Amino acid sequence: MCGIIGVVSNKESNRLAELVVSCLNRLEYRGYDSVGVAALSSANLEVRKAKGTVEEVVRKKNIKELSGYAFLGHTRWATHGAPTDYNAHPHTDCSNNIAVIHNGTIRNFKELRDELQSLGHKFKSETDTEVIPHMMEEYMKRGMDTFQAFRSAVKSIQGSFAILAVVKGERRIFFAKRDNPLVIGLGDDKTFVASDIPSFLPYTRKVIVISDGELGYVTPNSVYIEDENDNPIDVTSRIKIIDWDASSASKEGYPHFMLKEIHESPIAVKDTISGLLSEIDKVSEIAEEIRESSRIIITAAGTSYHAGFYLSLLLSRKGYMSIPLIASEYHNFRAKKGDIVIAISQSGETLDVKMGIRKFKEEGAKIIALTNVIESDIARESDYKLYMRAGPEIGVAATKTFTSEIASLLFLYSLIEKESISYLESAHETVRNVITETEGFAKKIGEELANKNNAYYLGRGLGVPLAMEGALKIKEIAYIHAEAYPAGESKHGPIALVENGFPIVFINDGELVDELEKNLQEMKARGGKTYSISVNKRLNFADTEILVNTDEKLSSLAIAPIIQLIAYYASVKRGYDPDKPRNLAKTVTVE
């Protein structure tokens, strides 16, 4: 949640304000309710902020007229205090000499606030963040220099955070990170610090990923980082050149990022499989660890959970003790030595997943991470790392990362089972053909569902997690209430809601077709409007059917883009922006 951008330059100019606004535009996908900017010039530190979208706040507060050599920009998703103008970031100290932006939550903020108020500090917001500039102010009053004051403030707070701060009279941006993403971008005459790489991607591809517990500062031409024990770190060894370019984070003619990213699924799957093939020895070692484990716990959230559930069913069918676990419910499960935990997170920063793997690791389990972000927190904290190569995904609803997760897990499953992975060499072609051949039909179904307020997604066997993903997608971006059930369970309650015209989408992966057909007949008998997404075998009697033919092992990869396209076109038909679903964020870094 929340987006953070800081930039410090050798030159003082209002062109830097336009640059910060462009970075904020690229952070919008993370979800937010208010926006703010701090501009530090040789004469002044000025903060402008308000509730609203980036476009609204930039226009209302004339952000682009700000001038300075260092800027902080923030998109806030409310956690402490309502989304209001005064709770928007940046926050300042009593004398308005220090400005701070923050992502995360500070658990001990009330104690700190009470103490600071007893010392005479005046607070202007309800946020936890505001304790930071006041603590820095207090420490500077006691004789510390600015960096000492920043370090002491960071060490006083408990919780999760990514923090940026500027101090009047200094040409540098202070930063600190714990459990929230933060990355440095090294430009020619300016330096960036941000929540993610795409925010500054048009300006540099040279990056340094900041690790948990580290803090430091950037100037226009230098970076200083120290670890949690105050030991300086050699930053030159940490510099990486990423292979994304600016065009990979733009719409390139598509009306929405989501549609572009669905169409990028074939290349995402191809690159993911190629990447895993290049690390076949490591993946084989991981597969061996899984084979030898006593239990396999697969933990993830949202869309990633559905991918993990799919793998769990495959493993269960082969006799493995496999347990799918929704990440936020990690408290309810106890791991032990001999267990393997597979943690799936497209961002590699999902806090629920991170908290779970820390607990399970302490309890003796080994952790395998599957993420789309190299050296992300979850990857670093795991014993083994697997990476998708889906590239940046800007749309909030996961699309190409879901297909890449499925492809990665099929690859891993085949190695666990010691079976050939040759069928995955054509996986990207299957995805591409499905999109080409079915998009028009998916659009028609999506536009019909746009006229409904409720829907069921039903499947059997391996179709169940895909039905769950289909229902989630249409809820997320089209705001249509949808529930997913194992089709056999539908007659134990859900069928009571079916009446004339009630839409039911059947996910038919080619297995258990006869059983699924009986469920379809039950729904039709009660007036339900039935749709079928079928692989290889028709589901007779469906009112509308999309049928694709492919290798049965690739059925999940054939179905995934169709359910995504249906949700996309339902959203657009309803007049919504599928890239920015309400109340949702791309990276969930709060519990």
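Just so it is clear, the model here is predicted, and its values are computed rather than measured.
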**Item:** K155 atom NZ, over 12 foreign heavy atoms within 6.0 Å
**Value:** yes

**Item:** R358 with D212: basic N within carboxylate O range, under 4.0 Å
**Value:** yes

**Request:** Kindly give the heavy-atom pair with the smallest separation between Y387 and A379, and that separation in Å.
**Result:** OH-CB, 3.4 Å

**Message:** Testing T350, T299, T371, L409 one by one against I344 for a side-chain contact (heavy atoms from CB on, under 4.5 Å), which residue passes?
**Reply:** L409

**Item:** Any donor-acceptor N/O pair, N108 side chain to S156 backbone, under 3.5 Å
**Value:** yes

**Asked** Going by atom types alone, do T236 and D234 pair a side-chain donor with an acceptor below 3.5 Å?
**Response** yes

**Asked** Is the CG atom of N10 crowded by more than 12 outside heavy atoms at less than 6.0 Å?
**Response** yes

**Request:** Ignoring hydrogens and angles, tell me if any N or O in the side chain of H74 forms a donor-acceptor pair with the backbone of H102 under 3.5 Å.
**Result:** yes

**Asked** Atom CG of L72 and atom NE2 of H89: how far apart are they, to the nearest 0.5 Å?
**Response** 11.5 Å

**Asked** Will you find, in the side chains of Q564 and T399, an N or O donor that is under 3.5 Å from an N or O acceptor?
**Response** no

**Prompt:** Does K168 use its side chain to pair, donor to acceptor, with the backbone of L45 at less than 3.5 Å?
**Reply:** no

**Message:** Is it the case that the side chain of T204 and the backbone of L186 share a donor-acceptor pair, with hydrogens and angles ignored and the cut-off at 3.5 Å?
**Reply:** yes

**Message:** Looking at D579 and M258, would you say the former's side chain and the latter's main chain have a donor-acceptor pair under 3.5 Å?
**Reply:** yes

**Prompt:** Judged by atom type as modelled, is there a donor-acceptor pair below 3.5 Å linking the side chain of R172 to the main-chain atoms of T219?
**Reply:** no

**R380 CZ to K354 NZ distance, which is reported to the nearest 0.5 Å** = 8.0 Å

**Request:** Taking E137 for its side chain and D93 for its backbone only, find out whether a donor-acceptor pair lies under 3.5 Å.
**Result:** no

**Prompt:** Any side-chain donor-acceptor pair under 3.5 Å between T146 and Y217?
**Reply:** no

**Side chain D339, main chain A365, donor-acceptor under 3.5 Å** = no

**Message:** Taking NZ in K110 as the centre, count heavy atoms belonging to other residues, nucleotides or ligands within less than 6.0 Å. Is the count above 12?
**Reply:** no

**Request:** Return yes if some donor-acceptor pair links the side-chain N/O of D352 with the main-chain N/O of A327 below 3.5 Å, else return no.
**Result:** no

**Fill in**
In E393, Q346, E264, the residue satisfying side-chain hydrogen bond (donor to acceptor under 3.5 Å, both in side chains) with K400 is E264

**Message:** How close do H428 and P266 get, counting heavy atoms only, and between which atoms?
**Reply:** CB-O, 3.1 Å

**Request:** Kindly assign one of parallel, tilted or perpendicular to the pair H121 and H134, based on the angle between their ring planes and the thresholds 30° and 60°.
**Result:** perpendicular

**Request:** Using modelled atom types only, decide if a donor and an acceptor are shared between the side chain of S293 and the backbone of I290 within a distance under 3.5 Å.
**Result:** yes

**Prompt:** Please walk me through it: do R151 and E226 pass salt bridge (charged side-chain N to carboxylate O under 4.0 Å, His left out)?
**Reply:** CA-CA 10 Å; R151 182 198 289 132; E226 63 181 34; 2.7 Å; yes

**Message:** Does atom NZ (K385) have a neighbourhood of more than 12 heavy atoms from anything else shown, all under 6.0 Å?
**Reply:** yes

**Request:** Check E476, E55, E28 against K580 for a salt bridge (Lys or Arg N to Asp or Glu O under 4.0 Å) and give me the one that passes.
**Result:** E28

**Item:** Interatomic distance, N231 atom CG to I225 atom CD1 [nearest 0.5 angstrom]
**Value:** 13.5 Å

